[in-house]
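Just so it is clear, the values below take in all heavy atoms, side chains as well, and ignore hydrogens, waters and symmetry mates. Residue indices begin at 1 and follow the sequence shown.
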Amino acid sequence: MRNDYSYYKRGLKRQIERVKEVAPRSAIMVIGVTDMAASEGDSVESYRNIPSIIRAQTEAADESGAIFWDSYNAMGGRSSIISWSKKKPPLAQSDYIHFTYLGADSISKLLYGYIISFGKRDTSQVTLAKPIPDTSHVTL
């Protein structure tokens with residue numbers, strides 16, 4: 001398993017900078033990876049490298065002046081995809097990678113809540129890359 005995602009960070013920064021060249025007045029939001037899991041013997045475990053990937057995504061967004069939304073933590077962090085797949089009705093597919101239609105609607109509601117709360121905050125003293133706000137008020 002890879003631990004160094006600096007190559008990924010550099011590539012993402014290049015992509016953000018290209019978008020800024022084409023549309024310099026556009027706000028750019030990087031949406032981080034969600035939780036994913038795989039079977040390991042008799043158990044199901046979240047991918048261990050997700051926090052490293054999210055760190056690279058966060059740093060790329062921050063250094064490029066983009067907004068970052070941490071969908072992994074928004075959905076509950078480690079093992080959340082497993083919990084989402086066990087909900088009735090399920091919010092994630094049994095492959096522990098993909099959302100069901102209801103799960104996609106749920107994550108989009110969390111993103112919408114973040115976007116709405118972002119606009120209501122005083123951003124004069126903060127950078128664009130922010131931690132995710134409390135979305136406990138969003139009903140899944």
Side-chain angles (χ1 to χ4, degrees):
M1 177 176 47
R2 181 182 292 270
N3 289 322
D4 180 16
Y5 286 88
S6 58
Y7 75 95
Y8 177 74
K9 175 183 160 182
R10 287 189 304 273
L12 183 54
K13 280 180 65 175
R14 277 194 307 274
Q15 294 295 321
I16 295 168
E17 289 163 5
R18 284 188 185 132
V19 171
K20 290 177 108 176
E21 286 173 17
V22 173
R25 297 183 52 153
S26 297
I28 300 169
M29 177 183 284
V30 174
I31 298 176
V33 297
T34 60
D35 189 34
M36 293 175 266
S39 295
E40 293 187 12
D42 292 338
S43 65
V44 178
E45 297 288 329
S46 286
Y47 293 168
R48 291 184 192 100
N49 60 342
I50 291 175
S52 297
I53 294 169
I54 292 170
R55 191 170 20 265
Q57 291 175 321
T58 303
E59 290 173 3
D62 187 40
E63 292 172 16
S64 302
I67 299 164
F68 179 75
W69 185 61
D70 188 347
S71 58
Y72 174 79
N73 282 311
M75 66 184 292
R78 184 168 180 76
S79 300
S80 57
I81 195 76
I82 300 165
S83 300
W84 280 44
S85 70
K86 292 180 181 176
K87 290 194 180 283
K88 301 292 182 208
L91 300 178
Q93 307 244 356
S94 59
D95 65 1
Y96 303 110
I97 294 174
H98 299 96
F99 294 118
T100 60
Y101 289 124
L102 186 57
D105 286 347
S106 298
I107 199 79
S108 69
K109 286 177 185 176
L110 292 171
L111 174 57
Y112 179 74
Y114 175 78
I115 292 169
I116 294 302
S117 69
F118 189 86
K120 293 179 183 176
R121 287 186 239 164
D122 174 14
T123 58
S124 63
Q125 301 295 317
V126 292
T127 63
L128 288 177
K130 294 182 181 56
I132 188 167
D134 175 18
T135 55
S136 60
H137 64 282
V138 178
T139 305
L140 294 180

Spacing of [atom1] belonging to [X] relative to [atom2] belonging to [Y], to within rounding of 0.5 Å:
X: D70; Y: I31; atom1: CG; atom2: CD1; result: 11.5 Å
X: K9; Y: S64; atom1: NZ; atom2: OG; result: 9.0 Å
X: K13; Y: K20; atom1: NZ; atom2: NZ; result: 10.5 Å
X: Y112; Y: S117; atom1: OH; atom2: OG; result: 11.0 Å
X: E17; Y: L12; atom1: CD; atom2: CG; result: 9.5 Å
X: I67; Y: Y114; atom1: CD1; atom2: OH; result: 6.0 Å

request  = Take L110 and I107 through the side chain to side chain contact (heavy atoms under 4.5 Å, CB included) test and state the conclusion after the steps.
outcome  = CA-CA 5 Å; L110 292 171; I107 199 79; 4.1 Å; yes
Short N-O contact, E59 and R10, less than 4.0 angstrom =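 Between R10 and E59 there is no salt bridge, as every charged N stays at least 4.0 Å from the carboxylate O atoms.
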request  = Applying ring pair (Phe, Tyr, Trp, His ring centres under 6.0 Å), name anything that partners F99, two or more places apart in sequence or on another chain.
outcome  = W84
Quick check: closest heavy atoms across [X] and [Y], and the distance to 0.1 Å?
X: I50; Y: T34; answer: CD1-O, 3.7 Å
X: S80; Y: D35; answer: N-OD2, 2.9 Å
X: M29; Y: L111; answer: SD-CD1, 3.7 Å
X: P89; Y: L102; answer: CG-CD2, 3.3 Å
X: T100; Y: P90; answer: OG1-O, 2.9 Å
X: P51; Y: Y72; answer: CG-OH, 4.4 Å

ask   = Within a strict 4.5 Å, meaning less than it, do heavy atoms of the W69 and I115 side chains meet?
value = no
query = Got I97 and Y47 here, is their nearest side-chain heavy-atom distance under 4.5 Å?
reply = yes
key: Donor-acceptor contact below 3.5 Å, side chain S85 vs main chain S94   =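 Looks like no, no N/O pair under 3.5 Å.
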key: Short side-chain donor-acceptor distance under 3.5 Å, Y8 and Q57   =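 Short answer, yes.
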message = With clusters defined by side-chain heavy atoms of hydrophobic residues (ILVMFWY) lying less than 4.5 Å apart, directly or transitively, does Y7 cluster with V33?
response =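 Per the 4.5 Å side-chain linkage, V33 and Y7 are co-clustered.
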ask   = Going through the checks in order, is the side chain to side chain contact (heavy atoms under 4.5 Å, CB included) test met by Y96 and I82?
value = CA-CA 6 Å; Y96 303 110; I82 300 165; 4.1 Å; yes
